[in-house]
K.L.:
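Could you have a look at this structure, given as structure tokens, before my questions?
Chain naming here is simple, since letters A, B, ... match the order of the sequence lines and numbering starts at 1 in each.
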Amino acid sequence: MFDSASRAVRPFVPLRAGEIGMYNCGPTVYDRQHIGNLYSYVVADVVRRTFEYFGYRVKQVMNITDVGHIVGDADEGEDKMAVGARRAGKGPLQIADEYTRLFMEDRRKLNVQEPGVVSKATDHVPEMIDLIQRLIDRGNAYVAADGVYFDTTTFPGYGTRLNAESPEQRVAGARVEVNPNKRHPSDFALWRAAKPGDLQQWDSPWGRGNPGWHIECSAMSMKYLGDTFDLHTGGEDHLFPHHECEIAQSEAATGKPFVRYWLHVRFLRVDSERMAKSKGGFYTLDDVISWGYDPLAFRLLALGAGYRNGLDFTTKGMDAAQSRLERWRRTIRTAYAATRGRVAEPEGDHAITREFRDALADDFNTPKALAAAEKALNLAATVDTDEQERALWMLFDMDRVLGLSLKESATAKEELSADEHAVFDRREAARKAGDYTKSDELRKELLERFGIQVKDTKAGTRWERVGRKGA
RNA sequence: GGCGACGUAGCCAAGUGGUAAGGCAGAGGUCUGCAAAACCUUCAUCGCGGGUUCGAUUCCCGCCGUCGCCUCCA
């Protein structure tokens, strides 16, 4: 896998054999998560599933940031949680709970498995305070007028562990006013003293206030995974400063290496541009669903691109993914019916399975893995039932990682409603009577009114729900 | 301004020093009352210009273009 810290692909070797500790930087729950956020969790999910597929036990921890963090140091702008709360006329915790719920719902729709531990920042303030105290005791942090800061000069290599650009080079482009309370411009806040009107504040040895943004991830990841753990994931935007700060404060506090492998997901783009509210490309999963797409088509789209290259979200791309998904389902359903639900593990190492596994083992190359799956699909479309049984076994096996509910689509049974059935029967009658004009009319009606595609096959008339696209 | 990534067919997207996976769309065909589905066939010399090499899309240099980061952000 590719490790951001060494900027190279290197073999993955876990700390403890057969076991992996993995931490995902979670969302700040002050608003709905957009598809870009969701995309990064789909990637994390595929990573987790891949490790499990290869037999590892994965302990996955994801945080929920339910404390508002406006700024690193210069206090400008407004607390995000506060903004969200005021907008809805509710308290910060209600807001956090509400958006957390919606977030978890979106994840389920995308077949993203639940992490073993989901930890909320507000539940871990004591741990953060402990950690800050340790840093002060060790001389890595100092108390200033408006909070506690990490002294970056005490941590050699600060800001360069994951980034090629040195801190000196950054100063040139600095665009935020330097806080005069800090000893060095690059120092970052661990604890911020409360200001009048702060909705969320806690007591601490340094007075009332709230924790800095970076400290929560250090405190929670180490609590659940230990001082050193295997894998830390996040969006590319976290490379700097968030993860650099995490490294600095964690390693300074423990004197041990913090994370063994870093994985950063490139941003999802909308029509080739970064999604941003100002550009109008801020979409939620519900938007995507309302346009007539299956959430799993979005997952398939995500799988179709390498996580390090980012994903370009376009309606064309979604159309392609939707068509592809529907074809997979049809093929599998047909094959499953042909084998009467039997599947058979191929003897020995099947070339297709091997191709699939090699692709995943090569830095989670899901596009390549999908190509292997397409080969299995071709096999499933043959008339040889032995071949089909093997193909189905392989597809269901692959689905442990792909997470496209292939098995469910094979066995899904759907019924026509009474209304639909009536139209369907009338068409059958017209067709039998040779009245093709009328039968074609009714077929069109089924499609346009109910989203039902009628197919006349040698084996009789079939139908299928295809949904209605476009908006 | 600094740092980084990328530029492969109409679109999305893998990949390799020896003439380029897969998907979507399209075209032709088989099947069909017609459709739909399915199946078969078909569809690229890899941004531009140099260089290294027996040979480069793949390595190096330059240029052009796109995108991201430079302390809110998955």
K.L.:
Does Glu236(A) reach a base, just sugar-phosphate, or nothing at all? Heavy atoms under 4.0 Å.
P.N.:
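The residue Glu236(A) makes sugar-phosphate contact but no base contact.
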K.L.:
Write down the partner of G4(B) under the Watson-Crick or G-U wobble criteria, each distance required to be under 3.5 Å.
P.N.:
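Answer to the pairing question: C67(B), which forms a Watson-Crick or G-U pair with G4(B).
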K.L.:
Could you please name the partner base of U32(B), counting Watson-Crick and G-U wobble pairs only when both distances are under 3.5 Å?
P.N.:
none
K.L.:
What contact category does Gly304(A) fall into here, base, sugar-phosphate, or nothing, at under 4.0 angstrom with non-hydrogen atoms?
P.N.:
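Result for Gly304(A) = sugar-phosphate.
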K.L.:
Rounded to whole Å, how long is the line connecting atom CH2 of Trp328(A) with atom P of G22(B)?
P.N.:
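So the CH2-P distance, Trp328(A) to G22(B), works out to 14 Å.
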K.L.:
Between Thr382(A) and Glu387(A), does a side-chain hydrogen bond (donor to acceptor under 3.5 Å, both in side chains) hold up when you go through it step by step?
P.N.:
CA-CA 7 Å; Thr382(A) 57; Glu387(A) 205 71 278; 5.7 Å; no
K.L.:
Could you walk me through whether Asn63(A) and Tyr23(A) pass the side-chain hydrogen bond (donor to acceptor under 3.5 Å, both in side chains) test, one step at a time?
P.N.:
CA-CA 8 Å; Asn63(A) 67 293; Tyr23(A) 184 85; 3.2 Å; yes
K.L.:
Could you measure between the two P atoms, the one in G26(B) and the one in A35(B), and give it in whole Å?
P.N.:
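Nearest-Å result for G26(B) against A35(B) at atom P: 15 Å.
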K.L.:
G28(B) and A36(B): how far apart are their P atoms, nearest whole angstrom?
P.N.:
13 Å
K.L.:
Output the rounded distance in Å from CZ (Arg329(A)) to P (A37(B)).
P.N.:
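For the pair Arg329(A) CZ and A37(B) P, the rounded distance is 16 Å.
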K.L.:
Tell me the interatomic distance from Tyr307(A), atom OH, to A14(B), atom P, rounded to whole angstroms.
P.N.:
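So the OH-P distance, Tyr307(A) to A14(B), works out to 12 Å.
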K.L.:
Any Lys/Arg nitrogen of Arg329(A) or Glu464(A) sitting under 4.0 Å from an Asp/Glu carboxylate oxygen of the other?
P.N.:
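Glu464(A) and Arg329(A): not salt-bridged.
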K.L.:
Calculate, to the nearest 0.5 Å, the distance between atoms CG and OG1 belonging to Asn163(A) and Thr160(A) respectively.
P.N.:
8.0 Å
K.L.:
Using a strict threshold of under 4.0 Å (side-chain N to carboxylate O), is an ion pair present between Arg161(A) and Glu246(A)?
P.N.:
no
K.L.:
Using atom P of each nucleotide, how far apart are A25(B) and U19(B) to the nearest Å?
P.N.:
31 Å
K.L.:
Output the rounded distance in Å from CG (Asn309(A)) to C1' (C67(B)).
P.N.:
12 Å
K.L.:
At under 4.0 Å between heavy atoms, how does the protein contact nucleotides 24-33 of chain B? Give one character per nucleotide, 5' to 3', with B, S or -.
P.N.:
SS-------B
K.L.:
For nucleotides C3(B) and U8(B), find the distance between their C1' atoms and express it as a whole number of Å.
P.N.:
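It comes out at 26 Å once rounded to the nearest Å.
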K.L.:
Using a heavy-atom cut-off of under 4.0 Å over every strand shown, decide if His238(A) touches base, sugar-phosphate, or nothing.
P.N.:
sugar-phosphate
K.L.:
Can you work out whether Leu311(A) or Arg308(A) has the more 5'-proximal nearest nucleotide on RNA chain B?
P.N.:
Arg308(A)
K.L.:
For the P atoms, the ones on C46(B) and on C31(B), what distance do you get once it is rounded to whole angstrom?
P.N.:
40 Å
K.L.:
Can you figure out which of A14(B), A35(B), A38(B) approaches the side chain of Pro367(A) most closely?
P.N.:
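Nearest to the side chain of Pro367(A) among the choices is A14(B).
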K.L.:
Which is true for Gly306(A) with a 4.0 Å heavy-atom rule: it touches a base, it touches only sugar-phosphate, or it touches nothing?
P.N.:
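Counting heavy atoms under 4.0 Å across all strands, the contact made by Gly306(A) is with sugar-phosphate only.
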K.L.:
Using Watson-Crick or G-U wobble geometry with both distances under 3.5 Å, which nucleotide pairs with U52(B)?
P.N.:
none
K.L.:
Work out how far the P atom of A13(B) is from that of G50(B), and round it to whole angstrom.
P.N.:
29 Å
K.L.:
Identify whether the distance between the nearest side-chain nitrogen and carboxylate oxygen of Asp286(A) and Lys109(A) falls below 4.0 Å.
P.N.:
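Counted as a salt bridge, because a side-chain N and a carboxylate O are separated by less than 4.0 Å.
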K.L.:
When the C1' atoms of C67(B) and U58(B) are considered, how many whole Å apart are they?
P.N.:
22 Å
K.L.:
Given that Cys245(A) and Gln453(A) both sit by RNA chain B, which one's nearest nucleotide is further toward the 5' end?
P.N.:
Gln453(A)
K.L.:
Starting at CG of Asp312(A) and ending at C1' of G68(B), how long is that distance when rounded to a whole Å?
P.N.:
13 Å
K.L.:
In whole Å, I'd like the distance from the CG atom of Leu370(A) to the C1' atom of G22(B).
P.N.:
8 Å
K.L.:
Report which part of the nucleic acid Val454(A) touches: base, sugar-phosphate, or nothing (heavy-atom distance under 4.0 Å, all strands).
P.N.:
base
K.L.:
When you check the gap from the basic side-chain N to the acidic O, do Lys368(A) and Asp363(A) get nearer than 4.0 Å?
P.N.:
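Not counted as a salt bridge, because no side-chain N and carboxylate O are separated by less than 4.0 Å.
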K.L.:
Test side chain to side chain contact (heavy atoms under 4.5 Å, CB included) on Ile247(A) and Phe155(A); report intermediate values, then the result.
P.N.:
CA-CA 10 Å; Ile247(A) 293 173; Phe155(A) 189 77; 4.2 Å; yes
K.L.:
Whole-Å distance between A35(B) P and Glu445(A) CD?
P.N.:
21 Å
K.L.:
Ala252(A) and Leu135(A): which non-hydrogen atoms are nearest, and at how many Å?
P.N.:
CB-CD2, 3.8 Å
K.L.:
Given the C1' atoms of A9(B) and G2(B), what is the spacing between them in whole Å?
P.N.:
36 Å
K.L.:
Taking only the side-chain heavy atoms of Arg330(A) (C-beta and beyond), determine which of A74(B), A37(B), G15(B) contains the nearest atom.
P.N.:
A37(B)
K.L.:
Whole angstrom is fine here: how far is it from CZ in Phe298(A) over to C1' in C12(B)?
P.N.:
14 Å
K.L.:
Provide the Watson-Crick or G-U wobble partner of A25(B), both distances under 3.5 Å; none if there is no partner.
P.N.:
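Base-paired to nothing in any strand shown.
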